[in-house]
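Take a look at the structure below.
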Amino acid sequence: MKRIQTLLIFLLAVVFAAVAQNQPGMPWQIKVMSYNVQHCAGLDMTIDYDRTADVIFKQQPDVVALQELDSMTVRCGRRNQMAELASRTLYFPTFAKGIDYDGGKYGVGILTRERPLSVTSTPLPGKEPRVLLVVELKNYVMACTHLDLAEENRLASVPLIVAEAQKWQKPFIIAGDWNDEPDSKLMAELKKYFVINTGKKATFPADKPKVCIDYIASFKGRSAVTLNQSVINAPEASDHCPIVANLRLPLKAEELMPLKPYLQDPKPTEMTVMFQTTAPAHCWVEYGTDRNNLQKKRALLDGQEVCFDIENRITLDNLQPGQQYYYRVCVVDLLMKHAYEFHTGDTLRTPLYQFRTPEVNATDFTCVVFNDLHDNQATYAFLRDTLKTVGVQPDFIIFNGDCLPEPYDREHAMRMIHSLADPINGAETPIFFIRGNHEIRNYYSAGMHRLIGYPNDKTYGGISWGDTRFMILDCGEDKSDDHKEYAGFNDFTQLRAEETEFIKQELKNPAFRKAKRRILVSHIPIFGNDDKYQPCREAWAPLLKQQPFDLAVFAHTHRFKYAPKDLEGATFPVVNGDGPNIKGAAVTILQKTGNKLHLKTLSKKPENCIDIDL
């Protein structure tokens with residue numbers, strides 16, 4: 001019964017740990033444990049695998065270095081102790097023999113959450129032969145050893161350990177019982193090559209610790225930084241106290257920001273650069289009109305640099321309208337930032353990108369509109385290729401809803417954003433992400449504000465591009481708030497009321513009234529929609545249908561439609577995009593040249609292709 005309870009508790013802990021580790025940016029932080037288990041015999045000299053396993057999984061380490069392990073010896077009842085512990089903790093076991101002993105083997109082992117990529121062992125000197133066990137994992141290398149009782153053998157082991165550490169490009173961490181105290185010759189020699197990640201608190205004997213002889217360390221050059229460390233009180237399970245350290249692994253420069261930046265919320269005098277780093281980092285953007293003379297901009301909040309998470313939003317302001325700018329993102333690995341101590345690592349500088357700010361009264365632009373892609377990469381690739389064949393180079397891009405559907409966590413949301421932005425050069429072409437009803441669904445949907453630079457942090461609003469004004473609306477969901485699919489989490493009443501007031505004010509806004517052209521954009525159609533639930537049509541159609549729009553661009557229905565005028569009383573043309581099926585999917589191109597506004601749609605389906613002046 002005790003073993004069943006132990007496994008149940010452990011499985012729950014693993015689930016919660018896995019959830020945490022699945023968050024983006026977490027692989028760079030690990031919890032390391034070192035434990036001399038005295039062949040799983042406690043101070044009472046009774047071998048108890050459950051007791052030893054309990055000590056391990058209560059700490060929930062990512063990796064455990066174990067010393068004094070038996071394998072198939074007489075005294076352990078011909079049991080494989082690594083297998084016994086692995087079966088109870090659900091870790092991957094690796095064992096290395098130091099000596100033959102009592103009809104079996106005696107040595108060290110490493111337990112790992114992830115399956116090792118490779119395993120090596122190296123003999124070390126000792127009156128009782130010693131061994132260095134090395135396990136390669138995805139982001140780091142873990143080593144374990146139990147050094148000899150004789151000082152000359154311990155010192156002779158250092159060059160062999162250093163030689164092994166020098167072979168690896170990944171962070172190299174070593175732990176174990178080294179049979180020497182913090183101020184010894186051994187530790188002085190090791191400190192030439194390693195950073196000691198644990199303190200000097202006594203670890204032996206477990207019931208009344210008097211000396212520190214157990215350590216965790218990382219090889220210099222790419223050494224890990226200690227976030228916190230402790231000696232665990234476990235006086236019954238072994239004659240040594242286990243030690244743990246939470247370590248921040250260093251990242252190589254090329255690992256700091258694997259995804260490109262993307263441009264958001266373009267204005268004549270501003271441009272927002274958004275990007276995500278692998279881990280929290282010290283970031284800034286260098287920019288200017290001369291690529292050899294760039295100035296620096298950081299994200300500051302009430303005087304503090306925003307560097308506590310992986311999401312980054314830096315707005316470049318005081319820009320000149322209609323001007324070409326160069327920029328690059330700079331990222332410094334922030335290994336640790338405590339109240340009175342900080343450590344930094346490698347620095348990344350991206351290639352130089354460029355963008356052009358909108359001109360205040362520009363008469364020309366090209367805009368491309370995608371809709372309802374539903375993460376269908378084949379359709380998106382086809383539409384991009386179709387644009388290339390006709391030589392379209394947009395000044396800005398609109399994703400008109402249901403292109404980032406149902407984000408279940410931040411990593412999923414990031415993947416979808418970059419699967420859209422990166423292939424279409426979002427690092428140099430500003431993008432507007434309009435929220436559709438499927439962007440509202442799933443766990444992380446409310447978190448999209450952290451990854452998207454909505455104008456004025458609203459999912460609706462008025463946007464000017466030169467002498468053209470865009471009115472962007474967000475209809476919310478296509479079903480009532482009390483629908484069973486939403487489980488009572490939604491209430492769009494206030495949003496729609498705010499938008500109703502916005503529409504009234506926007507129609508009076510000089511930016512709208514004086515614009516040469518006016519375009520209405522919404523994912524859910526205000527006109528031409530056959531959904532049963534249409535609160536926005538009921539509230540907004542009377543306000544909009546007689547207004548001087550030159551075009552309304554809708555989506556949602558997955559049925560292409562073009563109505564020159566008089567669609568449900570609208571006095572302006574309406575175009576509605578198709579759905580994600582490659583057979584009918586369409587991309588919309590808006591081109592304005594002088595006073596001329598041209599509408600073109602491209603699709604495999606001939607009846608979904610139009611090419612007209614408005």
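Positions are given from 1 along the sequence.
Side-chain contact between K297 and Y287 is present, with at least one heavy-atom pair separated by less than 4.5 Å. A 4.5 Å side-chain heavy-atom check between I589 and T366 finds at least one atom pair inside the cut-off. Counting heavy atoms from C-beta outward, F432 and F399 have side chains that stay 4.5 Å or more apart. Using a 4.5 Å heavy-atom threshold, the side chains of I310 and M414 count as touching. Contact annotation: the side chain of V368 never approaches that of F396 to less than 4.5 Å [non-hydrogen atoms, C-beta and beyond]. Q324 places a side-chain heavy atom less than 4.5 Å from the side chain of Q354. By the 4.5 Å heavy-atom criterion applied to side chains, K592 and D467 are counted as neighbours. H374 has its side chain within reach of H558: a pair of non-hydrogen atoms, C-beta onward, lies under 4.5 Å apart.
A donor-acceptor contact shorter than 3.5 Å is absent between the side chain of R469 and the backbone of L520. Between the side chain of T429 and the backbone N or O of D395, no donor-acceptor pair lies under 3.5 Å. In this structure, T269 contributes its side chain and Q320 its backbone to no donor-acceptor pair below 3.5 Å. Looking only at distances, a side-chain donor or acceptor of E114 sits under 3.5 Å from a matching main-chain atom of K138. Side chain of N442 to main chain of E406: a donor-acceptor pair is present (N/O by atom type, distance under 3.5 Å, no hydrogens or angles). Within the 3.5 Å criterion, the main-chain N or O of T379 finds a donor-acceptor partner in the side chain of N376. With hydrogens and angles disregarded, no donor-acceptor distance shorter than 3.5 Å links the side chain of D531 to the backbone of Y533. No donor-acceptor distance shorter than 3.5 angstrom exists from the side chain of E255 to the backbone of T278, with no hydrogens or angles considered. With hydrogens and angles ignored, the 3.5 Å screen pairs a side-chain donor or acceptor of D578 with a backbone N or O of F560. Without hydrogens or angle criteria, R349 side chain to C330 main chain gives no donor-acceptor distance under 3.5 Å.
At least one cation-pi condition fails for R537 and F527: the charged atom is not both under 6.0 angstrom from the six-membered ring centre and inside a 45 degree cone around its axis. Figure legend: R291 and Y326 shown as a cation-pi pair, the cationic atom lying under 6.0 angstrom from the six-membered ring centre and within 45 degrees of its axis.
Counting only N and O atoms by type, the side chains of H418 and Q276 include a donor and acceptor under 3.5 Å apart. One side chain, T315 or T272, offers a donor N or O that lies under 3.5 Å from an acceptor on the other. Between the side chains of Q505 and E501, a donor-acceptor pair is found at a separation under 3.5 Å. Side-chain contact annotation: H556 with N437, donor-acceptor N/O pair under 3.5 Å present. For the residue pair E477/Y486, the side-chain donor-acceptor check at 3.5 Å is satisfied. Side-chain N/O atoms of T350 and R328 include no donor and acceptor closer than 3.5 Å. Side-chain polar atoms of H449 and D457 form a donor-acceptor pair below 3.5 angstrom. Under 3.5 Å, the side chains of E359 and N361 contain no donor-acceptor pair of N or O atoms. Between N400 and H523, the side chains place no donor N or O within less than 3.5 Å of an acceptor N or O (distance only, hydrogens not considered). When only modelled atom types and interatomic distance are considered, N490 and D481 share no side-chain donor-acceptor pair under 3.5 Å.
A 6.0 Å sphere centred on NZ of K252 holds more than 12 heavy atoms belonging to other residues, nucleotides or ligands. Summarising the local packing, CG of N595 is surrounded by 12 or fewer heavy atoms from other residues, nucleotides or ligands at distances under 6.0 Å. Within a 6.0 Å sphere centred on CD of Q393, other residues, nucleotides and ligands contribute 12 heavy atoms or fewer. By the 6.0 Å contact criterion, NZ on K514 is open, its count of non-hydrogen atoms from other residues, nucleotides or ligands being 12 or less. With a 6.0 Å radius and a threshold of 12 heavy atoms from other residues, nucleotides or ligands, K479 has its NZ atom above the threshold. Counting non-hydrogen atoms of neighbouring residues, nucleotides and ligands closer than 6.0 angstrom, the CD atom of Q494 reaches no more than 12 such neighbours.
Classification of the F355-Y325 ring pair by plane angle, with boundaries at 30° and 60°, yields parallel. Classified by interplanar angle (parallel below 30°, tilted 30° to 60°, perpendicular above 60°), the ring pair H412/Y408 is parallel.
Closest approach of R248 and L334 over heavy atoms only: NH2-O, 3.3 Å. P266 and W465 make their closest contact through CG-CZ3, 3.7 Å (heavy atoms, listed as atom of the first residue, atom of the second, distance). Minimum heavy-atom separation, L335 to P250: CD2-CA, 3.6 Å. Looking at every heavy atom in both residues, T557 comes nearest to P525 through CG2-CG, 4.0 Å. Of all non-hydrogen atoms in I524 and F554, the two that sit nearest each other are O-CD2, 4.4 Å.
Atom CD1 of I424 sits about 7.0 Å away from atom CD1 of I431, to the nearest 0.5 Å. Atom CG in D611 sits 4.5 Å away from atom NZ in K600 (nearest 0.5 Å). Atoms CD and CG, on Q591 and L614 in that order, are 11.5 Å from each other to the nearest 0.5 Å. With rounding to the nearest 0.5 Å, the separation of CG in L597 from NZ in K516 is 14.0 Å. A distance of 12.0 Å separates CD of Q546 from CG of L507, quoted to the nearest 0.5 Å.
Results of the side-chain contact (heavy atoms from CB on, under 4.5 Å) test with I452 over D265, I434, I417 single out I417 as the only residue that passes.
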*Apply side chain to side chain contact (heavy atoms under 4.5 Å, CB included) to M471 and F549, showing your working.*
CA-CA 9 Å; M471 180 188 288; F549 290 105; 4.0 Å; yes

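In summary, the aromatic rings of Y460 and F502 are positioned with their centroids under 6.0 Å apart.
In summary, E305 and R298 engage in a salt bridge, as defined by a charged side-chain N under 4.0 Å from a carboxylate O.
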